[in-house]
Amino acid sequence: MASLSLKHIYKIYPNGFEAVKDFNLEVEDKEFIIFVGPSGCGKSTTLRMIAGLEDISDGEFMIDGKIMNDVEPKDRDIAMVFQNYALYPHMSVKDNMAFGLKLRKTPKHEINKKVTDASMILDLEQLLERKPAALSGGQRQRVAMGRAIVREPKVFLMDEPLSNLDAKLRVQMRAEIAALHQRLGATIIYVTHDQTEAMTLGTKIVVMKDGIIQQVASPRELYNNPVNLFVAGFIGSPQMNFVNAECREEKGEVYLDFDRFSIKLPGKQGAVLKEKEYIGKQVIMGIRPEKIFENEYALSVHPETQIEVKINGYELLGSEVLLYFNLLDEKPAEVQRQFSEDAYANVKKVQWTAKVDASTTARYGSTIKVALDPNKIHVFDKETEEAIVN
Ligand code: ATP
């Protein structure tokens, strides 16, 4: 297998559009790298540059220390699996998998062995004589994977390979791809805009926006320590809650004021805000839905980060419930501490979500107290949107 190195890679299309800007990434052997980001952020363009299907406008791309910028796609030892994995309809599963090898004039006994091995890995042994029309979506996707596997490439590139499958199959294929990665010990680069796929499959995730890498980190690191507001909002489902807040110091303690509430930050987080001179400044506060609690115990241990909210949405997911409520996203000075519904009628609101245990008695219309986990509060700079406290 292989290691890849991308240094200062740019893609400027003929119309002048900069689709990828200063992309830097080191991929080690056997890593499962995910490119994730919203539509149009440059994921596929980067993948296509690695495959050689798109010219690299600037920068240096190496596989195992060898510069690849001008190497033909067929000589890069890379196999690609696309979202539209068009199989040849008139060929059997076996022939579909063998086709590329036949074109390369691989000896017949070698082709047979490779196809047999791949079909065992992919659990396709019973289906080798079938035509694609007689296969399910997931089985077809596995044949497309098989076509890539038989080539024994140094690197697998996968561009949204599961996006044409229904939800259940996606989950199943996701697990199969993870197992495949283990079995093959392959280096994989996988493009998706689905953050669940990114979190469950990747050993390392590259989060992109507008052609620029925002953060490269393990799934856990991205979830716990997002570098900016974009990453914080993109990774995690339901997404992180945000609200405009003001940083305040009182008797040495640091508070975040928002809506009509004031919550006290733990000493460590407070010290960071003091040291970085955020006292008296506007910031953006964030907290993940699963870090908002409404049970008695949590309320008793977190008395300093409680807020009272009116539930305006309830969704039972099974073992958990999503509770929705609104917070005011501005704090008009004249009504700061004398809350009345009327005074706030025209103020901008944000919707928050709390993910709590299904045993909750809260329902639509309930007014309840919730506590924010004080150690899981994120604070972002309002101008640069960079994380100050994670
Ligand atoms: P998606 O998830 O929608 O596939 P993506 O992140 O893979 O998005 P790319 O396909 O890499 O996005 O495209 C990145 C940007 O480059 C987009 O804004 C797209 O419109 C632009 N782009 C792609 N191909 C060309 C081209 N040939 N000429 C000019 N701009 C292009």
Side-chain angles (χ1 to χ4, degrees), residues 4-25 27 31-61 63 68-70 72-73 76 78-86 137 141 144-145 148 155-167 169-171 173-174 177 187-202 204-217 219 222 226-237 239 385:
L4 281 74
S5 170
L6 294 105
K7 292 204 170 91
H8 306 292
I9 299 284
Y10 284 79
K11 177 68 195 182
I12 303 158
Y13 279 110
N15 65 358
F17 183 75
E18 280 195 50
V20 177
K21 299 166 209 166
D22 200 17
F23 189 102
N24 290 288
L25 182 69
V27 180
E31 274 199 291
F32 199 136
I33 303 284
I34 305 272
F35 292 173
V36 70
S39 182
C41 71
K43 310 179 289 290
S44 299
T45 301
T46 308
L47 201 74
R48 291 169 61 80
M49 284 194 284
I50 294 172
L53 302 173
E54 205 68 76
D55 286 340
I56 296 172
S57 308
D58 201 4
E60 192 178 73
F61 166 48
I63 299 180
M68 286 284 142
N69 289 47
D70 299 319
E72 286 289 308
R76 291 192 182 192
I78 280 173
M80 216 162 159
V81 183
F82 293 99
Q83 169 182 357
N84 298 311
Y85 42 84
Q141 183 56 271
M145 296 273 178
V155 186
F156 286 90
L157 304 181
M158 302 188 185
D159 195 349
E160 308 226 14
L162 308 186
S163 54
N164 282 349
L165 305 179
D166 68 40
L169 256 180
R170 279 178 85 123
V171 175
M173 280 303 292
R174 207 165 68 200
I177 290 177
T187 307
I188 300 180
I189 304 185
Y190 187 106
V191 164
T192 180
H193 60 256
D194 180 326
Q195 59 90 23
T196 312
E197 261 174 41
M199 294 294 277
T200 50
L201 285 174
K204 206 192 256 177
I205 301 179
V206 179
V207 184
M208 296 179 72
K209 183 187 167 218
D210 301 334
I212 298 171
I213 293 184
Q214 303 291 307
Q215 188 168 6
V216 180
L222 279 184
V227 293
N228 60 29
L229 198 66
F230 175 78
V231 177
F234 195 78
I235 299 292
S237 176
Q239 77 155 53
E385 300 193 347

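Note that ligands are numbered from 1 as they come in the structure, with each ligand's atoms numbered from 1 the same way. If you read the sequence from its start, that first residue is 1, and numbering goes on from there.
Contact of the K11 side chain with the T46 side chain is not registered, since no non-hydrogen atoms from C-beta on lie closer than 4.5 Å. For the pair D194/L162, no side-chain contact is recorded, criterion being any heavy-atom separation below 4.5 Å from C-beta on. Here the side chains of Q215 and I235 are not in contact, with every heavy-atom distance at 4.5 Å or above. Looking only at side-chain heavy atoms (C-beta outward), L6 and I50 come within less than 4.5 Å of each other. In this structure the side chain of I189 reaches within 4.5 angstrom of the side chain of L4, judged on heavy atoms.
Protein heavy atoms all stay at least 4.0 Å away from atom 19 (C) of ligand 1.
Heavy atoms of G37 come nearer than 4.0 angstrom to ligand 1 in no pair at all. Not a single heavy atom of R48 lies less than 4.0 angstrom from ligand 1.
Nearest to atom 11 (O) of ligand 1 among the protein's heavy atoms is T45 OG1, 2.5 Å. For atom 23 (C) of ligand 1, the closest non-hydrogen atom of the protein is Y13 CE1, 3.5 Å. Summary of contacts: the protein heavy atom closest to atom 8 (O) of ligand 1 is G40 N, 2.7 Å.
By the criterion of a heavy-atom distance under 4.0 Å, neither the backbone nor the side chain of T46 is placed next to ligand 1.
Shown here is N69, whose CG atom has more than 12 heavy atoms of other residues, nucleotides or ligands within 6.0 Å.
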